[in-house]
Amino acid sequence: MLEIQRLRSDKEGVLNGLFKRNIDATNTINEILDIDSLWRSSKTELESIFAELNQLSRKVGLLLKEGHQEEASQLKLETTSLKEKETNLKLKVEEMESKISALLYSLPNVPHEDVAQGKTPEDNEQIERSGDFPTFAFSASPHWDLVKKYELIDFELGVKVSGAGFPFYRGKGAKLQRALISFFLDEAEKAGYEEFIAPLLVNEASGIGTGQLPDKEGQMYYSQADDLYLIPTAEVPLTNIYRDVLLPNEDFSIKLTGYTPCFRREAGSYGKDVRGLNRLHQFDKVEIVRIENPKNSEKALNEMVAHVRELLVKLELPFRILRLCGGDMGFASAMTYDFEVYSAAQEKWLEVSSVSRFDTFQSNRLKLRYKDDQKKSHLCHTLNGSALALPRILAAILENNQTQEGITIPTILQSYTGFSSIQ
RNA sequence: GGUGGGAUGGGUGAGUGGCUGAAACCAACAGUUUGCUAAACUGUCGUACGGGUAACUGUACCGCGAGUUCGAAUCUCGCUCCCACCGCCA
């Protein structure tokens with residue numbers, strides 16, 4: 001949620017920023033500011049009524065103590081009209097407050113100044129492209145054929161037991177999955193992130209904290225009997241550790257990581273894009289999360305990008321890094337880098353990581369703050385990124401490393417898998 | 001699922017209708033003392049919003065939401081969460 005102070009002080013900047021998302025928020029912001037100024041004057045008036053009532057009550061108390069019954073009941077009468085005014089005004093103030101917050105919740109984050117305007121993925125800026133595309137002397141198979149051939153993943157079995165998008169990993173497929181998770185966690189640990197095993201179901205407050213709720217509840221699985229949501233990413237439980245937290249000083253850098261399954265309903269997609277491992281209802285992911293002083297968040301973002309980049313280099317996968325344009329960024333993000341690996345048989349780029357800074361957008365909802373040297377509190381910055389999402393990595397490894405004899409496991413993973421190829 | 005008990009500031013914990021935003025202690029921070037450390041002493045020590053250049057000031061907040069009352073941390077009702085014991089279960 002944007003800070004209302006920001007709208008008050010820099011309306012033009014916010015409007016221009018949102019324009020990069022192709023959103024014209026002029027009406028919304030004007031409405032917010034109109035209500036806000038009315039709210040402030042009403043609030044002041046309401047508080048002065050409270051002050052008056054408080055004084056009267058105090059006087060009544062004193063009078064009664066001294067035994068002046070008559071004068072006390074006189075004063076009591078005076079409060080009735082005040083209380084009536086109070087009730088009406090209070091109602092109005094509350095109405096304004098909920099209107100303002102509903103409008104504020106509807107606004108996405110303002111893109112960082114370096115983010116380009118744009119509408120579609122075509123408008124994303126390529127920052128880097130690395131690694132060579134593999135070439136094959138035979139006709140390369142897509143991963144959904146490979147996993148069948150080598151009995152690594154069983155989609156049909158998943159359909160039987162759960163439904164489409166819930167595959168079984170089996171044998172060396174399961175082992176490879178486990179190897180990737182361990183590798184990613186170990187790398188994160190080396191980079192200074194503390195590992196967590198997080199709850200997979202979260203409450204409503206957590207969903208609101210990281211921006212999934214309200215609005216995007218359709219994307220999450222929901223257990224009605226318990227009023228809990230299945231996490232779409234570890235970002236939700238990990239970041240919400242710091243909901244309602246006031247850090248005692250300005251010297252902090254919090255780095256968290258965790259592996260979790262992720263659950264996404266992802267309604268409305270079909271076709272080749274969702275085939276095989278490309279889009280699942282349940283998938284595995286290692287996430288990295290950071291809570292930073294605003295002055296360090298740019299540095300933190302760069303470190304995270306470098307970290308994810310290094311993972312892809314070690315896995316020997318051809319990849320490219322994109323800085324998303326305004327129109328392609330997520331609701332809460334101020335800047336996002338997407339990582340895509342090239343999957344050689346499908347002959348296309350697959351998104352495997354998204355690294356974002358949210359600035360104060362999440363922390364404002366989370367009420368996550370720190371105290372500066374002057375003991376004033378400020379909102380922290382939050383960041384997160386996938387490091388990495390497993391299925392498409394697996395798809396790319398399988399497709400890119402296939403030979404006519406089998407699939408070669410990337411060297412870095414071999415100590416984790418215990419085998420160097422899949423026949 | 002059943003039966004009890006509880007929820008007060010960073011922590012422990014006092015407070016059952018009126019200068020109580022809240023005692024006391026601990027922790028923390030600053031200072032004095034000290035060769036250093038420790039101890040001792042002194043002081044500071046919640047958050048949010050509004051007004052004010054500022055000093056400051058008004059209001060709200062004692063799990064959440066209603067209610068009673070001139071006045072609620074304190075009384076009433078509803079809800080949530082936590083703890084203990086029993087049952088069930090990995």
Side-chain angles (χ1 to χ4, degrees), chain A residues 1-9 32-105 197 199-209 213 223-229 237 240-252 254 261 291 360 362-380:
Chain A
M1 178 163 62
L2 293 174
E3 296 162 82
I4 190 154
Q5 294 89 330
R6 187 167 174 190
L7 299 188
R8 287 180 194 149
S9 64
I32 291 174
L33 291 176
D34 285 348
I35 301 174
D36 180 56
S37 76
L38 191 61
W39 172 80
R40 279 196 278 178
S41 60
S42 306
K43 182 88 176 171
T44 308
E45 194 186 338
L46 183 62
E47 285 181 355
S48 70
I49 292 175
F50 281 142
E52 215 174 317
L53 278 171
N54 285 345
Q55 276 192 4
L56 283 173
S57 308
R58 228 166 277 162
K59 276 189 203 157
V60 170
L62 283 176
L63 286 172
L64 286 177
K65 208 180 245 175
E66 291 162 9
H68 300 117
Q69 304 286 346
E70 280 294 303
E71 293 169 59
S73 35
Q74 198 88 40
L75 275 187
K76 281 191 203 178
L77 284 176
E78 273 184 51
T79 62
T80 24
S81 71
L82 266 180
K83 282 174 82 175
E84 203 172 307
K85 258 167 83 181
E86 182 225 287
T87 317
N88 291 332
L89 200 56
K90 200 169 155 192
L91 213 71
K92 277 192 206 158
V93 167
E94 280 166 2
E95 255 170 47
M96 289 186 246
E97 283 168 355
S98 61
K99 191 84 214 261
I100 288 175
S101 78
L103 288 169
L104 278 177
Y105 271 127
I197 294 177
L200 304 182
L201 284 88
V202 296
N203 57 29
E204 185 187 21
S206 297
I208 291 172
L213 298 173
S223 167
Q224 192 159 30
D226 306 285
D227 198 18
L228 292 170
Y229 297 84
N240 272 282
I241 292 172
Y242 286 88
R243 173 154 46 82
D244 292 319
V245 166
L246 178 53
L247 299 166
N249 59 58
E250 57 183 346
D251 185 26
F252 62 91
I254 295 161
I291 318 282
T360 60
Q362 288 185 329
S363 60
N364 192 26
R365 293 179 170 213
L366 291 162
K367 292 194 183 43
L368 164 54
R369 294 159 296 159
Y370 69 94
K371 278 197 178 177
D372 68 15
D373 281 348
Q374 271 74 49
K375 307 242 172 194
K376 286 206 136 198
S377 54
H378 306 275
L379 294 170
C380 301

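A note on names: the letters A, B, ... follow the listed sequences, proteins ahead of strands, and every chain is numbered from 1.
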From CD of A:Glu3 across to P of B:C49 the rounded distance in Å is 10 Å
message: Suppose you measure atom P in B:A66 against the same atom in B:G11; what distance do you get, rounded to whole Å?
response: 26 Å
Between CZ of A:Arg243 and C1' of B:C81 the distance, given in whole Å, is 13 Å
Using Watson-Crick geometry (N1-N3 plus N6-O4 or O6-N4) or G-U wobble (N1-O2, O6-N3), each under 3.5 Å, B:C25 is paired with B:G11
Rounded to whole Å, the CD1-P distance (A:Ile100 to B:A48) equals 19 Å
Closest heavy-atom pair, A:Leu56 versus A:Glu78, reported as atoms and distance to 0.1 Å, is CD2-OE1, 4.1 Å
Inter-nucleotide P distance (B:G71, B:G18), Å rounded: 14 Å
Answer for the Watson-Crick or wobble partner of B:G18, both distances under 3.5 Å, is B:C70
When rounded to whole Å, the CG to C1' distance for the pair A:Leu77 and B:U69 reads 14 Å
Rounded C1' spacing from B:C81 to B:C89 in Å:
23 Å
Just checking A:Lys376: base, sugar-phosphate only, or nothing, at a heavy-atom cut-off of under 4.0 Å? nothing
Considering only heavy side-chain atoms of A:Arg369, the closest of B:G71, B:G51, B:U47 is B:U47
Under 4.0 Å, counting only non-hydrogen atoms across every strand here, what does A:Lys59 touch: a base, just sugar-phosphate, or nothing? nothing
Exercise. With respect to the phosphate group of B:G51, does any side-chain polar atom (N or O) of A:Arg40 fall under 4.0 Å of OP1 or OP2?
Worked result: yes
Rounded to the nearest 0.5 angstrom, the OG-CG distance for A:Ser98 and A:Leu103 is 9.5 Å
Which whole number of Å gives the distance between the C1' atom of B:U80 and that of B:G63? 8 Å
- Message: Please give the distance between the P atoms of B:A72 and B:U20 as a whole number of Å.
- Response: 16 Å
A:Asn203 atom CG is separated from B:U80 atom P, nearest whole Å, by 14 Å
Contacts of A:Val60 and A:Arg8 projected onto RNA chain B by closest heavy atom; the upstream (5') one is A:Arg8
From the candidates B:U59, B:G71, B:C49, the one with an atom nearest any side-chain atom of A:Phe50 is B:U59
task: For A:Ser363 and A:Cys380, indicate whether the former's side chain and the latter's backbone hold a donor-acceptor pair under 3.5 Å.
output: yes
- Can you tell me how far C1' in B:U47 sits from the matching atom in B:G9, rounded to whole Å? 10 Å
Just call it for A:Leu246: base, sugar-phosphate, or nothing, with non-hydrogen atoms closer than 4.0 Å on any strand.
sugar-phosphate
Here the distance between atom C1' of B:C70 and atom CG of A:Leu53, to the nearest Å, is 9 Å
| For A:Ser377, which contact category applies under a 4.0 Å heavy-atom criterion: base, sugar-phosphate, or nothing? | sugar-phosphate
Query - Spacing of the P atoms in B:G31 and B:G10 (rounded, Å) - result: 24 Å
Of all heavy-atom pairs linking A:Lys376 and A:His378, the shortest is O-CD2, 3.5 Å
Q | Phosphate OP1/OP2 of B:G71: any A:Asn54 side-chain N/O under 4.0 Å | A | no
B:A40 -> Watson-Crick or G-U wobble partner, both distances under 3.5 Å, gives B:U32
Taking B:C70, B:G58, B:A60 as options, the one with an atom nearest any side-chain atom of A:Leu64 is B:C70
Assert: residue with more 5' nearest nucleotide on RNA chain B, out of A:Leu56 and A:Glu47, is A:Glu47
Whole-Å distance, A:Glu94 CD to B:G65 P, equals 10 Å
Separation between CD1 (A:Ile100) and CD1 (A:Ile35), nearest 0.5 Å, reads 5.5 Å
- Message: I'd like to check A:Leu247 versus A:Ile254 (side-chain heavy atoms, cut-off strictly below 4.5 Å). Are they in contact?
- Response: yes
Under a 3.5 Å limit on both distances, the Watson-Crick or wobble mate of B:G46 is B:C61
In whole angstroms, the gap separating P of B:G50 from CD1 of A:Ile35 amounts to 16 Å
From the candidates B:U47, B:G50, B:C70, the one with an atom nearest any side-chain atom of A:Lys371 is B:U47
Applying the 3.5 Å cut-off to both distances, the Watson-Crick or G-U partner of B:G87 turns out to be none
*asked:* Any donor-acceptor pair under 3.5 Å linking the side-chain atoms of A:Ser206 with those of A:Asn203?
replied: yes
Notebook entry, point to check: If we take the C1' atom in both B:A73 and B:G13, what is their distance in whole Å?
Noted result: 14 Å
